[in-house]
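Basis for what follows: all heavy atoms, side chains included, without hydrogens, waters or symmetry-related copies.
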Amino acid sequence: MSGDEMSGGRPGPRRFSVLRSWSTAPYLVGSGLAMMGDNIEHVITYWVLWQKFESPALVGFQLISHWLPFLLLSVYAGSLAERFDCRRLIQIGQGLFMLVSLCWGILFLTDSLQLWQACVLLVIHGLAGCLWGPAEQMMLHDFVDREELPSAVRLNATFRSLGILFGPVVGSALLLGLGPTWGIFVNIVFYLPLTIFLIRTPYTGHLRSGGVRTARTTLIQSLKVLAEVRHNRAIIGMLLLAAIASITIGAVLQTSMPVFGGLLTGPGGDSDFTYGVLLFAMGAGGVLGGFLLEATGWVPPTPAAATIAASGLGASSIVFAFTSHLWLAVVMLLLAGVSKITAESTEMAIIQLQAPTHIRGRVIGSYATFGPGMQTFSGVTVGVLGTIATIPQAVIIGGTILVIGAAAIGAYVLTGRPNPHAPITT
């Protein structure tokens with residue numbers, strides 16, 4: 001369906017219109033730079049922690065500490081985004097990121113890093129990301145009207161993907177060029193553009209909704225938001241899609257990439273080079289997919305589109321795990337990246353458009369719980385399946401479950417009666 005058809009004959013929003021506005025473009029760029037800083041910190045600190053402690057248990061804790069706050073606290077973070085100025089919540093999150101980088105740098109400089117200190121900083125870093133997420137999405141709803149919201153969500157996801165793609169590259173360059181100590185100090189700079197921009201912008205995340213919610217919500221009460229949207233099959237379906245993708249594929253592809261780097265390297269080849277190519281391919285697919293979606297407008301924010309994209313992620317992962325040809329593996333990872341950003345941006349657009357105004361923050365937080373939060377279990381998925389079978393077989397099983405599960409969720413959403421209380425998406 002074309003943009004004109006979806007809007008009842010009215011001209012649809014211009015492609016990349018969000019990037020042409022000085023109100024929104026700096027926000028998207030700043031978010032991308034902040035995500036780059038997040039990934040730069042991972043590159044530098046994970047390398048130092050392994051060199052100093054050589055602890056597999058700490059490696060596992062790095063994954064858990066990053067994703068567990070999303071699983072446990074994202075809905076409450078969404079509740080905070082409903083009650084307070086989203087600009088300030090994001091700035092607090094960015095301030096925590098900068099504080100953590102500063103503390104890493106001081107500990108590296110004084111050679112006084114201890115295991116308990118590393119664990120505390122890893123937890124604070126995870127909490128900062130959890131606090132940032134719902135407030136960031138609420139700001140998008142303030143920047144643009146409903147017609148342009150899917151575009152804003154796509155481009156925000158695209159710039160974050162750019163940060164994820166180039167963060168390891170820049171992090172490696174800082175590590176090699178300046179060393180871990182000064183590299184982590186320089187990393188603080190990547191959080192400043194977004195923090196400074198939020199001082200100047202008049203948007204709060206609540207201008208279109210008429211103001212903040214004044215009632216306080218406890219952590220337990222915030223979790224009851226699912227009961228309020230249980231009859232909205234579009235929202236529930238998108239939450240389930242995010243959850244099944246995170247558990248089955250999620251971070252599994254990235255964590256298992258070193259194994260595939262060795263399997264896809266020919267005799268006399270360099271497995272490290274192959275590993276880098278594979279990682280870059282999936283990241284590039286996400287960036288390419290985001291810009292392609294915005295340029296063409298081919299994918300509307302509908303549950304059917306999200307379901308097909310999630311199935312595409314599973315199918316491309318299956319083919320990737322089966323192949324023994326590097327060129328085909330790269331193509332499949334590009335397709336996986338395109339499918340992933342298509343599914344996630346479409347799901348978030350539907351969540352934003354369908355969520356009732358008075359609980360929008362908590363619904364967005366629920367998506368973070370079901371999506372990023374569920375990646376807490378992706379390590380268990382690949383670990384258990386990889387032990388029973390092999391890592392490639394674990395990816396094949398995960399991809400198959402994702403394809404079948406996405407089809408079932410799509411049937412659940414599309415065959416249900418329309419919710420008469422749900423907002424009409426544009």
Side-chain angles (χ1 to χ4, degrees), residues 16-45 77-78 80-106 121 124-144 148-149 151-167 169-171 173-174 178 181-208 212 287 290 361 364 368:
F16 298 100
S17 60
V18 180
L19 283 179
R20 302 177 187 182
S21 169
W22 282 104
S23 298
T24 54
Y27 181 76
L28 299 181
V29 173
S31 295
L33 288 173
M35 182 55 65
M36 184 182 294
D38 184 349
N39 283 268
I40 289 171
E41 181 173 322
H42 291 325
V43 169
I44 295 176
T45 58
L80 294 177
E82 293 171 0
R83 291 188 56 218
F84 299 104
D85 188 330
C86 291
R87 295 174 300 180
R88 304 302 170 243
L89 292 176
I90 297 172
Q91 287 174 323
I92 291 172
Q94 299 300 300
L96 289 174
F97 281 132
M98 288 186 277
L99 175 64
V100 169
S101 289
L102 178 63
C103 290
W104 284 123
I106 293 173
L121 292 177
I124 295 174
H125 183 96
L127 290 172
C130 174
L131 182 65
W132 177 21
E136 179 196 34
Q137 294 294 331
M138 291 277 282
M139 287 290 289
L140 294 178
H141 201 278
D142 226 22
F143 281 128
V144 298
E148 290 186 313
L149 185 59
S151 172
V153 171
R154 275 195 301 267
L155 288 173
N156 183 62
T158 302
F159 275 86
R160 287 172 67 93
S161 294
L162 275 168
I164 294 171
L165 176 63
F166 289 106
V169 177
V170 177
L174 290 174
L178 299 178
T181 300
W182 296 109
I184 201 68
F185 280 136
V186 170
N187 187 53
I188 296 173
V189 175
F190 289 91
Y191 300 113
L192 290 176
L194 179 59
T195 306
I196 295 171
F197 169 75
L198 292 172
I199 297 174
R200 302 177 59 86
T201 184
Y203 297 98
T204 65
H206 300 284
L207 295 182
R208 293 185 186 273
V212 299
V287 175
I364 292 173

Considering only heavy atoms from C-beta outward, does the side chain of [X] approach that of [Y] to under 4.5 Å?
X	Y	result
M98	L192	yes
Q91	F197	no
I124	L99	no

Give the minimum heavy-atom separation between [X] and [Y], together with the two atoms involved.
X	Y	value
L131	A77	CA-CB, 4.3 Å
P134	I364	CA-CG2, 3.8 Å
A152	V144	CB-CG2, 3.9 Å
I90	A135	CG1-CB, 3.7 Å

### Query
Does the side-chain contact (heavy atoms from CB on, under 4.5 Å) test come out yes or no for L121 and W104, once each step is laid out?
CA-CA 8 Å; L121 292 177; W104 284 123; 3.7 Å; yes
### Message
Restricting to side chain to side chain contact (heavy atoms under 4.5 Å, CB included), what partner residues turn up for T204, sequence neighbours left out?
### Response
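For T204, the residues satisfying side chain to side chain contact (heavy atoms under 4.5 Å, CB included) (neighbours in sequence not counted) are D85, R87, D142, H206, L207.
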### Task
Using side chain to side chain contact (heavy atoms under 4.5 Å, CB included) as the criterion, list what pairs up with L162, not counting sequence neighbours.
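Partners of L162 by the side chain to side chain contact (heavy atoms under 4.5 Å, CB included) criterion, ordered by chain and then number, come out as F159, F166, V287, F291.
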For [X], all residues meeting ring pair (Phe, Tyr, Trp, His ring centres under 6.0 Å), sequence neighbours excluded:
X	result
F185	W182
F190	none
H125	H42, H66, F97

Spatial distance of atom [atom1] ([X]) from atom [atom2] ([Y]) [nearest 0.5 Å]:
X	Y	atom1	atom2	answer
D38	N187	CG	CG	8.5 Å
I184	I44	CD1	CD1	4.5 Å
L198	C86	CG	SG	10.0 Å
L28	F143	CG	CZ	8.0 Å
S31	E136	OG	CD	4.5 Å
L140	N156	CG	CG	4.5 Å

#### Entry: T195 and Q94: side chain donor to acceptor below 3.5 Å
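There is no such pair (donor and acceptor under 3.5 Å, judged by atom type) between the side chains of T195 and Q94.
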### Message
Set out, in order, the CA-CA distance, both residues' side-chain angles and the distance that settles side-chain contact (heavy atoms from CB on, under 4.5 Å) for L194 and L33, then state yes or no.
### Response
CA-CA 8 Å; L194 179 59; L33 288 173; over 6 Å; no
### Query
Which is it for Y191 and E41 under the side-chain contact (heavy atoms from CB on, under 4.5 Å) test, yes or no, and what are the steps along the way?
CA-CA 11 Å; Y191 300 113; E41 181 173 322; 3.8 Å; yes
### Message
Check for me whether R160 meets the cation-pi criterion with W132, that is, NZ or CZ under 6.0 Å from the six-membered ring centre and within 45 degrees of the ring axis.
### Response
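Yes, cation above the ring, under 6.0 Å and within 45°.
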### Message
Strictly by salt bridge (charged side-chain N to carboxylate O under 4.0 Å, His left out), give each pair with a member in residues 185-199 just once, sequence neighbours left out.
### Response
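Found none.
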